[in-house]
Amino acid sequence: MIALVDCNNFYASCERLFQPRLQNKPIVVLSNNDGCVIARSEEAKMLGINMGDPGFMIEPLLQQHQVTVFSSNYTLYGDLSDRVMRTLGHFSDTVEVYSIDEAFLDLRSFRHHNLTDYARQIRNTIKQHIGIPVTIGIAPSKTLAKMANHYAKKRKKAVGIHCLDTPATLREAMEHTPVQDIWGIGAQYAKLLVKNGFNNAWQLSRAPEEWVRKNLSVTGQRLYNELKGIPCMELEELPPKKKMICVARGFGRVLEDKHEVMEALASYTAMVAAKLRSDELAASMIHIFLQTNAHRNNDPQFFRSLNISLPVATNSTHELIGHARRGFETIYRPGYKYHKTGCIAMELVPHNQVQYGIFDDKNRERDARLMKTIDMVNRSLGKDTVRFALQGYSAGWKLRQQKLSPRYTTRINELATVNI
DNA sequence: TCTGGGGTCCTAGGACCC
DNA sequence: TCTGGGGTCCTAGGACCC
């Protein structure tokens with residue numbers, strides 16, 4: 001059996017952990033730039049606030065019900081996530097960290113245990129040691145474990161655990177799972193399935209396999225077998241090798257000044273370079289793009305992107321910024337209100353396996369030492385302490401984060417204070 | 001009358017996930 | 001005024017090769 005452990009309303013729960021007065025109060029967390037709702041406490045869900053609602057559009061509702069709003073604080077969530085995952089490691093030798101708030105646990109060697117009791121133990125330990133509430137679903141395959149978890153959240157909230165270990169419990173959960181709630185079925189496939197008379201997971205698992213293969217491709221066929229209880233997806237303990245590294249962001253406001261857009265692109269490129277180094281990778285190609293705000297119907301729209309092949313794979317900040325700048329010069333057009341830009345590193349190779357070029361005259365070893373030093377300084381004194389000229393100092397494109405909470409667990413000067 | 005066929009590589013686009 | 005960001009996988013179709 002496989003368990004899926006999922007943190008409840010994770011970002012909202014993280015924020016609440018350090019502000020106990022928000023217990024039983026509605027909370028929402030907004031995406032970058034304080035854009036859309038990406039997490040809600042139960043109380044906020046009950047008010048009819050949906051995932052993805054733009055913050056400014058639900059402003060009256062937030063005020064009316066005194067909803068506490070937070071900007072997203074990934075430093076805090078990442079640290080609490082690490083603690084949860086480390087704790088899960090005590091309960092199974094095989095843990096796949098699937099996302100910041102979810103993990104699959106292999107419980108196949110626990111055949112003689114009462115798995116519901118074991119799950120209760122996991123749940124209590126995480127609540128006690130870290131303070132985050134979790135829900136646990138247990139079933140014969142990953143897809144069914146996801147379904148069990150979903151079922152527990154919807155119908156057994158108080159218990160927070162659901163185990164699909166008999167044909168009857170399996171069928172019951174599947175009949176109560178509409179196709180769009182199946183892991184791997186999105187809006188498009190759900191529409192197609194309903195049109196063809198498959199409304200819930202049970203019905204889909206009874207569909208002709210040929211039809212599934214033809215209409216949902218091989219991923220759909222895998223999913224179909226998982227629904228039948230035949231595991232087709234193994235647990236991945238090691239994170240797979242990255243194929244790309246992307247930093248892209250909308251600006252706090254639209255930009256019409258070429259240099260400001262370039263500063264943003266240079267800064268995102270520098271972030272890509274730092275990520276490459278921390279993963280010990282180098283990029284053989286970068287992709288850059290810039291675009292206007294598609295939501296502003298009255299503005300002329302512009303989108304352009306460019307692939308840039310690099311003569312020698314690199315993770316050096318100034319080299320990557322140099323390539324990005326030359327690319328930017330060729331795709332930039334004046335006269336538009338720019339909203340977003342980004343840099344994507346592709347064709348990644350391990351940094352110690354880079355092929356040098358015959359005509360390459362750069363001193364790459366000296367460069368690597370310089371980058372190491374910069375990373376060290378920025379790690380200890382803050383992300384932007386050392387930066388390159390092109391990144392600039394104008395804050396016009398910086399993120400909007402008006403409701404940012406302290407990084408309680410990772411910065412000594414942002415510790416929580418307790419009045420007694 | 002009949003107008004090759006099998007293979008690879010690349011890219012764009014669509015679908016999905018959290 | 002204000003609508004997220006970072007990923008993966010699969011397929012179809014074109015270019016090219018022999």
Side-chain angles (χ1 to χ4, degrees), chain A residues 4 6-7 9-11 28-39 49-60 62 69-74 77-78 81 96-104 142-143 146 149-150 179-193 213-223 232-233 236 239-255 264 268 271-272 275 279 285 287 289 291-299 303 305-307 309 337 339-348 396 399-403:
Chain A
L4 175 70
D6 185 313
C7 301
N9 315 324
F10 184 52
Y11 299 167
V28 301
V29 179
L30 299 177
S31 62
N32 273 343
N33 267 326
D34 293 345
C36 304
V37 172
I38 53 169
I49 298 170
N50 293 311
M51 269 319 238
D53 281 352
F56 75 95
M57 276 169 65
I58 56 166
E59 188 66 31
L62 297 174
V69 178
F70 292 93
S71 305
S72 31
N73 184 343
Y74 292 107
Y77 313 149
S81 171
E96 174 185 341
V97 177
Y98 176 66
S99 75
I100 193 163
D101 70 335
E102 282 171 79
F104 289 101
K142 283 169 115 179
T143 305
K146 271 278 209 184
N149 190 291
H150 196 254
V179 283
Q180 66 264 23
D181 290 350
I182 301 172
W183 188 42
I185 301 291
Q188 298 304 313
Y189 284 163
K191 224 188 314 177
L192 179 80
L193 287 169
R213 174 66 183 84
K214 188 160 170 287
N215 290 279
L216 306 178
S217 91
V218 302
T219 30
Q221 192 175 26
R222 201 148 48 217
L223 179 154
C232 299
M233 306 162 80
E236 317 274 349
K241 285 201 185 96
K242 280 191 192 153
K243 295 178 176 165
M244 58 190 236
I245 290 177
C246 168
V247 175
R249 237 145 255 170
F251 310 133
R253 57 175 172 77
V254 291
L255 299 181
Y268 301 158
M271 288 161 76
V272 166
K275 282 194 192 190
D279 287 353
M285 158 123 75
H287 177 91
F289 69 88
Q291 65 188 67
T292 48
N293 188 344
H295 290 287
R296 296 171 63 125
N297 295 324
N298 298 327
D299 289 353
F303 174 90
S305 65
L306 182 67
N307 278 336
S309 286
K337 293 176 176 162
H339 167 249
K340 184 173 181 176
T341 183
C343 174
I344 304 169
M346 297 183 301
E347 295 181 10
L348 309 182
L399 289 179
R400 240 171 312 130
Q401 294 183 311
Q402 289 176 345
K403 315 271 188 181

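Proteins get letters first, then strands, A, B, ... in listed order; numbering begins at 1 in each. Computation of the quantities below employed the complete heavy-atom set of this structure, encompassing side-chain atoms and omitting hydrogens, waters and symmetry-equivalent molecules.
Put simply, CD on A:Glu236 is 15 Å from C1' on C:dG7, counting in whole angstrom units. Taking atom OH of A:Tyr98 as the reference point, atom C1' of B:dC16 lies 9 Å away to the nearest angstrom. The NZ-P distance, from A:Lys242 to C:dT8, rounds to 9 Å in whole Å. Distance, A:Asn149 CG to B:dC17 P: 15 Å, rounded to whole Å. Rounded to whole Å, atom P of C:dT3 lies 12 Å from atom CG of A:Asn297. For A:Trp183 and B:dA15, the CH2 to C1' distance is 15 Å, given to the nearest whole Å. Here C:dG6 presents its P atom at 16 Å from OH of A:Tyr77, a figure rounded to the nearest Å. In this structure, A:Gln180 atom CD and B:dA15 atom P are separated by 16 Å, rounded to whole Å.
Side-chain proximity of A:Arg249 to the nucleotides B:dC17, C:dG6, C:dT3 is greatest for C:dG6. With C:dT3, C:dT8, C:dC2 as the candidates, the nucleotide lying closest to the side chain of A:Lys243 is C:dT8. For A:Asp101, the listed nucleotide lying nearest its side chain is B:dC18; candidates were C:dC10, B:dC18, C:dT8. Checking C:dG7, B:dC18, C:dC9 against every side-chain atom of A:Arg222, the shortest atom distance belongs to C:dC9. Picking from C:dT11, C:dG6, B:dC16 the nucleotide with the shortest atom distance to the side chain of A:Gln188 gives B:dC16. Closest approach to the A:Ser217 side chain among C:dT11, C:dC2, C:dG6 is made by C:dT11 (side chain taken as heavy atoms from C-beta onward). Picking from C:dG4, C:dG7, B:dC18 the nucleotide with the shortest atom distance to the side chain of A:Ile38 gives C:dG4. Of the listed nucleotides (C:dG6, C:dT3, C:dG5), C:dT3 has the atom at the smallest distance from the side chain of A:Asn293. The side chain of A:His295 lies closest to C:dT3 when the candidates are C:dT3, B:dC18, C:dG6. For A:Tyr74, whose side chain is taken as the heavy atoms from C-beta onward, the closest listed nucleotide among C:dT3, C:dG4, C:dG6 is C:dG4.
Across all their heavy atoms, A:Ala345 and A:Val272 have their closest contact at CB-CG1, 3.6 Å.
Under a 3.5 Å cut-off, the side chain of A:Thr341 and the backbone N or O of A:Phe289 do form a donor-acceptor pair. Of the possible polar contacts, none joining the A:Asp6 side chain to the A:Glu102 backbone as a donor-acceptor pair under 3.5 Å is found. Using a distance-only test at 3.5 Å, with no hydrogens or angles considered, a donor-acceptor pair links the side chain of A:Glu96 to the main chain of A:Glu236.
A:Phe251 and A:Tyr268 have parallel rings, their planes meeting at less than 30° on a 0 to 90° scale where 60° marks the start of perpendicular. Note on ring orientation: taking the six-membered ring where Trp is involved, the planes of A:Tyr74 and A:Tyr77 are perpendicular (angle over 60°, cut-offs 30° and 60°).
Here A:Gly55 lies out of heavy-atom contact (under 4.0 Å) with every strand. A:Ile344 comes within 4.0 angstrom of nothing in the nucleic acid, heavy atoms only. A:Glu102 comes within contact range of the sugar-phosphate backbone alone, with a heavy-atom separation under 4.0 Å but no base atom that close. A:Ala187 comes within 4.0 angstrom of the backbone, heavy atoms only, and of no base. Nucleic acid contact class of A:Ile182 (heavy atoms, under 4.0 Å, all strands): sugar-phosphate only. Residue A:Lys146 is in sugar-phosphate contact alone, with no base atom involved, counting any heavy-atom pair closer than 4.0 Å across all strands shown. Among the atoms of the strands shown, none is found under 4.0 Å from any heavy atom of A:Leu30.
Remark: A:Arg296 is in phosphate contact with C:dC2, judged by side-chain N or O atoms under 4.0 Å from OP1 or OP2. Side-chain nitrogen and oxygen atoms of A:Lys340 include at least one within less than 4.0 Å of the OP1 or OP2 phosphate oxygen of C:dG5. Checking the phosphate oxygens (OP1, OP2) of C:dC2, no side-chain nitrogen or oxygen of A:Lys403 falls inside 4.0 Å.
Using the Watson-Crick or G-U wobble rule with both distances under 3.5 Å, B:dC16 pairs with C:dG7.
A:Lys142 contributes atom NZ, which lies 5.0 Å from atom CH2 of A:Trp183 (distance to the nearest 0.5 angstrom).
Taking for each of A:Lys275 and A:Tyr11 the nucleotide of DNA chain C with the nearest heavy atom, the 5'-most of the two is the partner of A:Tyr11.
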